[in-house]
Amino acid sequence: KAGVTQTPRYLIKTRGQQVTLSCSPISGHRSVSWYQQTPGQGLQFLFEYFSETQRNKGNFPGRFSGRQFSNSRSEMNVSTLELGDSALYLCASSAGKGAGEQYFGPGTRLTVT
Amino acid sequence: DQQVKQNSPSLSVQEGRISILNCDYTNSMFDYFLWYKKYPAEGPTFLISISSIKDKNEDGRFTVFLNKSAKHLSLHIVPSQPGDSAVYFCAASARGGADGLTFGKGTHLIIQP
């Protein structure tokens, strides 16, 4: 089976812009979760989608949003980018809901200048 | 407030010896715990999990121990191998894994030849 894929792998944006990141889960997986990894805060949970519905949401401002399509692919969007949004954004998929064995993609490295 | 803590940012162990990675948590609602391993430029890889109804779970060289009264878990790797050098993350979830994962900040394990 192909693993979780994320596009793009690297991205440079300017403060104030918006960005959309994409995630394709493992075939058959219906749950997609997003995480932000920074050196200071570590891995932090953003949100989880299951069957196109947001199930859980972490403690992030409303500038961070996401969605899931009927084929389970997911996108996350960050509007009005700030320097502090520079991070590695990781997507993970799992067969069932919640925190079961999640399989992570390689991440998208976002740099905001 | 960090709900999952890995107090050792790094740990150096000789090849062939036992590696013990520790993790403490504060949220008494957590009832499902996982360990992930991460190499540079890759997403985390699931290693092993444990439910709060157990106090030990083994998978090959990896064993996770859970002490609920102390809100402490540990990952034992025996024997340690050079390929085990990576960052190890402890993660926890509530509601039997139905909630999103809360991660510790990781411990960088270095296996010395």
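Side-chain atoms are counted along with the backbone in the values below, which use heavy atoms only and exclude waters and symmetry mates.
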Short N-O contact, A/Glu75 and A/Arg73, less than 4.0 angstrom: yes

Neighbour count >12 (heavy atoms, 6.0 Å) for atom NZ, A/Lys57: yes

Choice from A/Leu88, A/Val4, A/Leu43, A/Leu90 maximising heavy atom contacts with chain B below 4.5 Å: A/Leu43

Cationic N near anionic O, under 4.0 Å, A/Glu52 to A/Arg67: no

Which atoms of A/Arg9 approach chain B - backbone, side chain, both or neither, heavy atom under 4.5 Å: side chain

Over 12 non-hydrogen atoms of neighbours within 6.0 angstrom of NZ in A/Lys13: yes

Which atoms of B/Ala41 approach chain A - backbone, side chain, both or neither, heavy atom under 4.5 Å: backbone

Residue part contacting chain B, namely of A/Gln37, when any heavy atom lies under 4.5 Å: side chain

